[in-house]
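First the structure, in the form of structure tokens, and then the observations on it.
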Amino acid sequence: MLTRKQYELLRFIHERLKESGVPPSFEEMKEALDLRSKSGIHRLITALEERGFIRRLPNRARALEVIRLPESAAPGLGNGRRGFSPNVIEGSLGRRAPATSNDEDNMRPVAVPVMGRIAAGTPISAIQSRSHTIHIPPEMLTTGEHYALEVRGDSMIEAGIFEGDLALIRKTDTADTGDIIVALVDDEEATLKRLRKKGMSIALEAANPAYETRIFGPDRVRVQGKLIGIFRRY
């Protein structure tokens with residue numbers, strides 16, 4: 001049995017895909033359901049997955065497969081349809097921890113993969129493979145895909161980033177001057193630095209006077225993500 005909001009969201013996604021072949025954005029879902037935040041959409045989608053109406057596709061962290069519509073509708077909303085063929089919905093969908101309540105207003109933490117270590121100092125080997133996950137409150141995440149890295153080194157201490165911290169990163173290949181980014185240098189060295197664009201050059205700036213700013217040609221540096229938060233254990 002779906003709640004009214006769960007059913008409304010499932011039907012809205014289905015109808016939009018049927019009409020245009022393009023899934024609605026999270027902002028459109030939020031407006032269609034008259035919710036105050038996108039975190040409510042995350043919770044509704046998770047509830048639909050747990051009930052077998054939507055399935056996350058393997059090896060595609062931001063994709064869902066709509067498996068079926070309900071045999072019976074929520075009160076006052078009409079009946080679902082049989083013979084429903086799956087559609088893929090692209091969106092910002094992190095893997096969440098198992099829910100302990102059916103109340104859609106409960107906050108369910110999002111499981112974010114920890115992808116090894118990142119140097120806040122002299123660059124170390126490129127980002128390692130996934131080691132484990134941490135659970136993050138959904139209101140602390142932005143749209144898109146996220147991962148975390150364990151910080152090594154002290155070059156970003158004046159930005160409040162210390163060795164042993166977990167850096168929460170939003171995956172992106174673009175960033176603005178002043179952003180703290182995960183930079184991949186020459187496709188083999190990963191480092192956490194502040195980005196400065198100087199003409200055709202890319203500067204990776206430390207937040208510690210003991211470290212020099214490193215300057216590269218634009219073809220030597222690739223943005224791998226942007227810092228959105230730091231987690232620290234005491």
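For clarity, every value in this text was computed on a predicted model and none was experimentally measured.
Rounded to the nearest 0.5 angstrom, Leu184 CG and Arg220 CZ are separated by 11.5 Å. Interatomic distance, OH of Tyr7 versus CZ of Phe12, reported as 14.5 Å (0.5 Å rounding). Between the NE2 atom in His146 and the CZ atom in Arg170 there is a gap of 6.5 Å [rounded to 0.5 Å]. To the nearest 0.5 angstrom, Ile41 atom CD1 is 5.0 Å from Leu9 atom CG. Atom CD1 of Ile181 sits about 10.0 Å away from atom CD1 of Ile169, to the nearest 0.5 Å. Note that CD1 of Ile202 is 10.0 Å distant from CG of Asp219, once rounded to the nearest 0.5 Å.
Residues meeting the side-chain contact (heavy atoms from CB on, under 4.5 Å) test with Ala206, sequence neighbours left out: Ser155, Lys193, Tyr211. Under the rule for a side-chain contact (heavy atoms from CB on, under 4.5 Å), the partners of Glu150 that lie at least two apart in sequence or sit in another chain are Arg117, Arg152, Leu166. Applying the side-chain contact (heavy atoms from CB on, under 4.5 Å) criterion to Ala207, with sequence neighbours excluded, gives Met156, Glu158, Ala159. Partners of Asn208 under the side-chain hydrogen bond (donor to acceptor under 3.5 Å, both in side chains) rule, at least two apart in sequence or in another chain, do not exist in this structure. Asp154 meets the salt bridge (charged side-chain N to carboxylate O under 4.0 Å, His left out) test with no other residue; sequence neighbours excluded. Qualifying side-chain hydrogen bond (donor to acceptor under 3.5 Å, both in side chains) partners for Lys226, counting only residues two or more places apart in sequence or in other chains: none.
Side chains of Val182 and Thr191 form no contact here, defined as non-hydrogen atoms less than 4.5 Å apart. Within the 4.5 Å cutoff, the side chain of Glu8 has no heavy atoms near those of the Arg11 side chain. Considering only heavy atoms from C-beta on, Leu10 stays 4.5 Å or farther from Leu44 through its side chain. Using a 4.5 Å heavy-atom threshold, the side chains of Asp165 and Glu163 count as separate. For the pair Leu35 and Lys5, the minimum side-chain heavy-atom distance is below 4.5 Å.
Thr213 approaches Ala203 most closely through the heavy-atom pair CG2-CB, 3.8 Å. Nearest approach of Leu192 to Ala167, heavy atoms of both residues: CD2-CB, 4.4 Å. When all heavy atoms are compared, the tightest approach of Leu48 to Gln6 is CD2-O, 3.8 Å. Taking each heavy atom of Val223 and Ala175 in turn, the nearest pair found is CG1-CB, 4.2 Å. Of all heavy-atom pairs between Tyr147 and Val112, the closest is CA-CG1, 3.4 Å. The minimum heavy-atom distance linking Met115 with Leu149 is given by the pair O-CD2, 3.5 Å.
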- Query: Going through the checks in order, is the side-chain contact (heavy atoms from CB on, under 4.5 Å) test met by Leu195 and Ile180?
  - Reply: CA-CA 6 Å; Leu195 174 68; Ile180 296 177; over 6 Å; no
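Members clustered with Phe162: Ile157, by chain and number, using a 4.5 Å side-chain heavy-atom cutoff among hydrophobic residues.
Note on Val221: it does not cluster hydrophobically with Ile215, by side-chain heavy-atom contacts below 4.5 Å among ILVMFWY residues.
Residue pairs meeting the side chain to side chain donor-acceptor pair (under 3.5 Å) criterion with at least one partner in residues 174-183, sequence neighbours excluded, are Thr172-Thr174.
Of the possible polar contacts, none joining the His135 side chain to the Thr133 backbone as a donor-acceptor pair under 3.5 Å is found. Using a distance-only test at 3.5 Å, with no hydrogens or angles considered, a donor-acceptor pair links the side chain of Arg194 to the main chain of Gly178.
By the 6.0 Å contact criterion, NZ on Lys171 is open, its count of non-hydrogen atoms from other residues, nucleotides or ligands being 12 or less.
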